[in-house]
Chemist: 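Dropping a structure here in structure tokens format, bear with me for questions.
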Amino acid sequence: MSNTSQITGAEAIIRCLLAEQVDLIYGYPGGAIMPVYDELYKFQDQLTHVLTRHEQGAAHAAQGYARVSGKVGVAIATSGPGATNLVTGIADAQIDSTPMVCITGQVASHLLGSDAFQETDIVGISTPVTKWNIQVTKAEDIPSVIAKAFYIARSGRPGPVLVDITKDAQFGLLDFDYKKCTGVRSYKAIPDTCPDSLKVAAAIINSAKKPMIVWGQGVILGEAEAAFAAFLEKTGIPAAWTILGVSAIATDHPQNVGMVGMHGNYAPNKLTNECDVLIAIGMRFDDRVTGNLNTYAKQARVVHFEIDPAEINKNVDCEVAVMGDVKHTLAAILPHLETKSYPEWFAQFKALDAIEKEKVIDNELFPNPEKGISMGEVIRNINEVTKGDAVVVTDVGQHQMMAIRYANFIRTKSNITSGGLGTMGFALPAAIGAKMGAPNREVIAVIGDGGYQMNIQELGTIFQNNTGVKIVVLNNEFLGMVRQWQELFFEHRYASTEMVNPDFVKIAEGYHIPAKKVTERSDLEASVKTMLATPGPYFLEVCVEKENNVFPMIPTGASVSDIRLS
């Protein structure tokens, strides 16, 4: 797009967004960003603005939109508290590699540093949690900065970018000419792949007797699902996932052996310390995956497929790193790999699976009729209706682990959760963004009663936009995950974790959202079906067992081999 007519900086911002094919942004107006909102009013036939009820909601909605659509999410806010309210969502996007551009207004440049009304150094505040940030004080700099922002946000390992624009820059005039950014000096988005690394990695993989794959969100971010499936088919290797990697292949794929990590499945966790080759694909060896690093996979030769050089040997030393875009590196290594199968090795997974099924899974999915409703059986009922074809958005806590452990997925970009930062309050606004990013898919937000109340005001956004999100609150009247730790490690001292909750159904109905509360198991199946059959948004509260725990569990600081089933 090239047009040399003089316009204001505020209009330039809108034209830049349109040039980047942005059609949807989330935000909240205020004094320092008002010129941009005035231009948004003029361009509302080309660019939809969604008014969230809180700037944190805007950031999380932009995340949900980005995660399900594969596009860059956009959030906009005013200066001071408007900008600082974005920070939690920005930090969440940074650690979970979510492409997002946040635009904040700022006081006029002559007031910078004077403690003016609603002045905050958002560039300084956000520096540790952004992939890049910058303050713009001149209108003529706006097009090149925003072009660079979108390039950095989406390229290589994605992440959030913040552009802070002073009010006088928004009012200033410029000759507008927008050129998309295709590269930044000193920033190499995708590292070169060393041909020798492909050969060495292939030799290690081909020599393995008990190989194991752990894949993460890099497979999804790199749109490498097809290449990954081909890699699995040829190698025949069992593959486990991190919570952000799930849905890259179907839940029922014959080589899918479950989730690794603190509340992951028994077999892949135990056998991490028995495999002879560990192949990490698009994952970063987070502490929740590894447990005690001193005892993690010490017997294994590690091959790491990765796009970010900073992740190589950061937590786990690898014998060979295959750098580059995983979509291309998986395809490039394929000719060097032998076609294999590992029936005896898979038998070990199945034997441990049977133990977990008997001691944990059956009790969670089909609990004793004399006990209360379990979280797992709620997810089982959802699976039975959706057939695994829904986007499931989760908050953080026990419900998150239960939903991700038991939800079925048949296609990619179906699991949206806060992984690295663990942000309570994420799910409700993220589900709004996910539904708007995938309007033809069913989007189900599974939330605990604690996290739900952190951004409950976003029911107003759902109501105003008639966003067809299905909300399931699993209510155990506790901050469940913290309570579980208090039970197991703090001698049942439930310090500040019991919740006295409001009437959630009345609150939903106050926002004109159909709502139902389930207290009896006999009412659960029909209520889930009603929720999913109802057009538009729906709220379902399910009162679940108050002191149920999530197992398996690896205690903090323990080895993955020390995973507990009770």
Chemist: Find out whether Asn313 and Cys318 are in side-chain contact, i.e. whether some heavy atom of one side chain is under 4.5 Å from a heavy atom of the other.
Modeler: yes
Chemist: Below 4.5 Å, heavy atoms only, C-beta onward: do Val163 and Ile165 meet side chain to side chain?
Modeler: yes
Chemist: Test side chain to side chain contact (heavy atoms under 4.5 Å, CB included) on Gln400 and Gln398; report intermediate values, then the result.
Modeler: CA-CA 5 Å; Gln400 175 192 34; Gln398 287 183 318; over 6 Å; no
Chemist: Name all pairs fulfilling the ring-ring contact (aromatic ring centres under 6.0 Å, His included) condition that reach into residues 413-449, sequence neighbours left out, sorted by first residue then second.
Modeler: His60-Phe426
Chemist: Heavy atoms, side chains only, cut-off 4.5 Å: are Val246 and Phe409 in contact?
Modeler: yes
Chemist: Using the test side chain to side chain contact (heavy atoms under 4.5 Å, CB included), find all partners of Leu221 that sit at least two apart in sequence or belong to another chain.
Modeler: Ser97, Pro158, Gln217
Chemist: For the pair Glu364 and Arg405, find out whether any cationic side-chain nitrogen is under 4.0 Å from an anionic carboxylate oxygen.
Modeler: no
Chemist: Apply ring pair (Phe, Tyr, Trp, His ring centres under 6.0 Å) to Tyr28 and list each qualifying residue two or more places apart in sequence or on a separate chain.
Modeler: none
Chemist: State, with a plain yes or no, whether a side-chain heavy atom of Cys181 is found less than 4.5 Å away from one of Phe150.
Modeler: no
Chemist: Using a 4.5 Å cut-off on heavy atoms from C-beta on, say whether the side chain of Val136 contacts that of Thr166.
Modeler: no
Chemist: Quick one: does Leu198's side chain get under 4.5 Å of Thr193's, heavy atoms only?
Modeler: yes
Chemist: Please report the closest heavy-atom contact between Ala427 and Ile447, naming both atoms and the distance.
Modeler: CB-CG1, 3.8 Å
Chemist: Any ion pair linking Glu20 and Arg154 (charged N to carboxylate O, less than 4.0 Å)?
Modeler: yes
Chemist: Under a 4.5 Å cut-off applied to non-hydrogen side-chain atoms, are Asp389 and Arg441 in contact?
Modeler: yes
Chemist: Which residues pass the side chain to side chain contact (heavy atoms under 4.5 Å, CB included) test with Ala390, not counting sequence neighbours?
Modeler: Thr386, Glu442, Ile444
Chemist: What is the minimum heavy-atom distance between Cys16 and Ile146, and which atoms define it?
Modeler: CB-CG2, 3.7 Å
Chemist: Kindly determine whether Glu498 and Arg483 satisfy salt bridge (charged side-chain N to carboxylate O under 4.0 Å, His left out), including the steps that lead there.
Modeler: CA-CA 8 Å; Glu498 190 163 8; Arg483 185 215 57 76; over 6 Å; no
Chemist: Side-chain contact, heavy-atom cut-off 4.5 Å: Lys413 with Val391?
Modeler: no
Chemist: Assess whether a salt bridge exists between Glu319 and Arg301, defined as any Lys/Arg side-chain N lying under 4.0 Å from an Asp/Glu carboxylate O.
Modeler: yes
Chemist: For Asn465, enumerate each residue passing the side chain to side chain contact (heavy atoms under 4.5 Å, CB included) test, keeping only those at least two apart in sequence or located in another chain.
Modeler: Val50, Met436, Thr461, Thr467
Chemist: So, Phe539 versus Tyr452, ring centres under 6.0 angstrom or not?
Modeler: yes
Chemist: Not counting sequence neighbours, list each pair that qualifies as a side chain to side chain donor-acceptor pair (under 3.5 Å) and has a residue in residues 553-564.
Modeler: Asn273-Ser559, Asn273-Ser561, Thr295-Ser559
Chemist: Test salt bridge (charged side-chain N to carboxylate O under 4.0 Å, His left out) on Arg284 and Asp286 and set out the steps.
Modeler: CA-CA 6 Å; Arg284 59 186 180 86; Asp286 173 74; 3.5 Å; yes
Chemist: Considering all heavy atoms of both residues, which atom of Ser197 and which atom of Ala321 are nearest to each other, and what is their separation?
Modeler: CB-O, 3.5 Å
